[in-house]
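By convention here, the first residue in the shown sequence is residue 1.
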Amino acid sequence: MLQLTAPAWFAPGPRGEPSPWSREAVRDRVRHLIGLGEPEREAWARRRQPEAVDEAARWWWSLWVGCRQRIPIGAVRNHDPDRVAVREAGLWLLGKCEAAGVLDRTDAVCELARYELLEPDATVRACLDAIAVSRADVASRDSTPYNRENLEAVNLSRAAKRLSIAAGALLPRVRDRALRAEVDAWLKLRPRLM
């Protein structure tokens with residue numbers, strides 16, 4: 001079945017539902033997670049993750065929301081050990097949300113860019129890698145009508161647009177000229193994308 005992508009506030013499932021856990025409980029869990037290393041986080045999650053798939057997805061989403069509230073602006077540029085720990089926990093939680101199906105690859109990479117969890121070059125590279133279609137093959141307003149037969153191409157075009165915008169926001173801080181050129185090329189296509 002094909003479906004159009006929609007912003008999170010329209011999304012059914014974990015992102016569109018209120019958390020069954022209190023803010024305080026989520027805040028305490030996130031605070032605990034931030035103090036753990038990777039193996040300890042995995043062990044902690046195995047012991048506490050709900051068994052039901054839907055409930056587990058809501059659980060991971062609530063932890064990510066709690067963590068992203070603690071991520072300082074420009075987290076990657078700040079090398080304070082506490083902030084590094086928050087950034088690492090955020091990266092780990094984003095991966096868990098993606099694995100649980102709460103976020104697709106496009107959403108996860110856009111969140112990665114929004115909260116600046118990696119260096120700008122690495123983030124832009126992740127954005128470009130997540131674009132599942134080439135510039136030559138991407139559906140555009142000129143070439144592709146909005147109809148049922150083209151939903152997959154429309155969704156790929158929308159994802160490419162979101163990812164290129166996310167990468168473009170970091171462009172002033174990107175050092176790699178090849179990455180800059182690739183993002184510029186996508187940004188020139190942006191007005192024609194779906």
Side-chain angles (χ1 to χ4, degrees), residues 7-130 159 162-163 165-176 179:
W9 54 87
F10 291 121
R15 294 188 297 172
E17 297 173 3
S19 173
W21 301 279
S22 71
R23 279 186 175 187
E24 293 77 22
V26 170
R27 185 189 63 228
D28 291 344
R29 288 180 182 135
V30 168
R31 186 180 303 132
H32 181 72
L33 273 174
I34 289 169
L36 299 176
E38 177 83 24
E40 293 87 9
R41 274 191 220 120
E42 291 292 340
W44 180 89
R46 275 193 303 277
R47 287 192 309 268
R48 288 173 177 75
Q49 177 179 330
E51 289 188 27
V53 174
D54 290 344
E55 191 175 345
R58 274 195 303 279
W59 187 70
W60 285 116
W61 178 249
S62 70
L63 291 173
W64 164 243
V65 169
C67 185
R68 73 181 184 190
Q69 292 169 353
R70 297 180 58 116
I71 297 172
I73 302 292
V76 78
R77 290 175 277 172
N78 191 320
H79 299 291
D80 174 22
D82 292 336
R83 293 181 183 209
V84 169
V86 171
R87 188 180 78 227
E88 289 173 357
L91 285 168
W92 182 77
L93 285 168
L94 265 181
K96 292 299 185 179
C97 283
E98 188 176 355
V102 178
L103 298 172
D104 63 12
R105 186 69 187 145
T106 299
D107 291 331
V109 173
C110 286
E111 291 282 290
L112 179 80
R114 179 179 178 194
Y115 292 100
E116 300 180 23
L117 295 176
L118 296 174
E119 295 290 338
D121 284 30
T123 302
V124 167
R125 194 169 289 110
C127 288
L128 293 173
D129 290 346
R162 286 183 61 212
L163 290 161
I165 290 170
L170 298 170
L171 208 51
R173 298 196 326 261
V174 172
R175 294 183 183 142
D176 186 327
L179 286 176

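- Between Leu33 and Leu93, the closest side-chain pair of non-hydrogen atoms falls below 4.5 Å.
- Judged by distance alone, with hydrogens and angles left aside, the side-chain atoms of Thr123 form no donor-acceptor pair with the main-chain N or O of Ala113 at under 3.5 Å.
- The two residues Val174 and Val124 make their nearest non-hydrogen contact at CG2-CG2, 3.5 Å.
- One finds the CD atom of Glu98 at 9.0 Å from the OG1 atom of Thr106 (value rounded to the nearest 0.5 Å).
- A salt bridge links Glu38 with Arg41: the distance from a Lys NZ or Arg NE/NH1/NH2 to an Asp or Glu carboxylate oxygen falls below 4.0 Å.
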Before giving the answer on side chain to side chain contact (heavy atoms under 4.5 Å, CB included), spell out for Asp28 and His32 the whole-Å C-alpha distance, their side-chain angles and the decisive distance to 0.1 Å. CA-CA 6 Å; Asp28 291 344; His32 181 72; over 6 Å; no
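- Of all the heavy atoms in Trp60 and Cys97, the pair that sits closest is O-SG, 3.4 Å.
- Contact of the Leu117 side chain with the Glu111 side chain is not registered, since no non-hydrogen atoms from C-beta on lie closer than 4.5 Å.
- With contacts defined as side-chain heavy-atom distances shorter than 4.5 Å, the pair Val109/Asp129 does not qualify.
- Contact detail for Tyr115 and Ile71: the closest heavy-atom pair is O-CG2, 3.8 Å.
- Between the CZ atom of Arg47 and the CD atom of Gln49 there is a distance of 12.5 Å, given to the nearest 0.5 Å.
- Residues Arg58 and Trp21 are in side-chain contact: their nearest non-hydrogen atoms beyond the backbone lie under 4.5 Å apart.
- Taken to the nearest 0.5 Å, the CH2 atom of Trp44 stands 6.0 Å off from the CZ atom of Arg29.
- A salt bridge does not link Arg125 to Glu119: none of the charged side-chain nitrogens sits closer than 4.0 Å to a carboxylate oxygen.
- The nearest pair of heavy atoms linking Cys127 to Ala167 is CB-CB, 3.9 Å.
- Note: Ile34 CD1 to Cys67 SG = 5.0 Å, rounded to the nearest 0.5 Å.
- In this structure, Ala45 and Trp92 approach most closely via the heavy-atom pair CB-CH2, 3.9 Å.
- The side-chain heavy atoms of Gln69 and Arg27, taken from C-beta on, include no pair separated by under 4.5 Å.
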Just do the side chain to side chain contact (heavy atoms under 4.5 Å, CB included) check on Asp107 and Arg162 with the steps written out, would you? CA-CA 9 Å; Asp107 291 331; Arg162 286 183 61 212; 2.8 Å; yes
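- Nearest heavy-atom pair across Arg87 and Glu116 is CD-O, 4.5 Å.
- Proximity of Trp59 to Arg48: side-chain heavy atoms (C-beta onward) are separated by under 4.5 Å at one or more points.
- In this structure, Leu118 CG and Leu170 CG are separated by 10.0 Å, a value rounded to the nearest 0.5 Å.
- Residue Arg23 places its CZ atom among 12 or fewer non-hydrogen atoms of other residues, nucleotides or ligands, all under 6.0 Å distant.
- Distance check, rounded to the nearest 0.5 Å: CG of Leu112 to CG of Leu91 gives 6.0 Å.
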Given side chain to side chain contact (heavy atoms under 4.5 Å, CB included), test Val30 with Leu63 step by step and report yes or no. CA-CA 6 Å; Val30 168; Leu63 291 173; 4.1 Å; yes
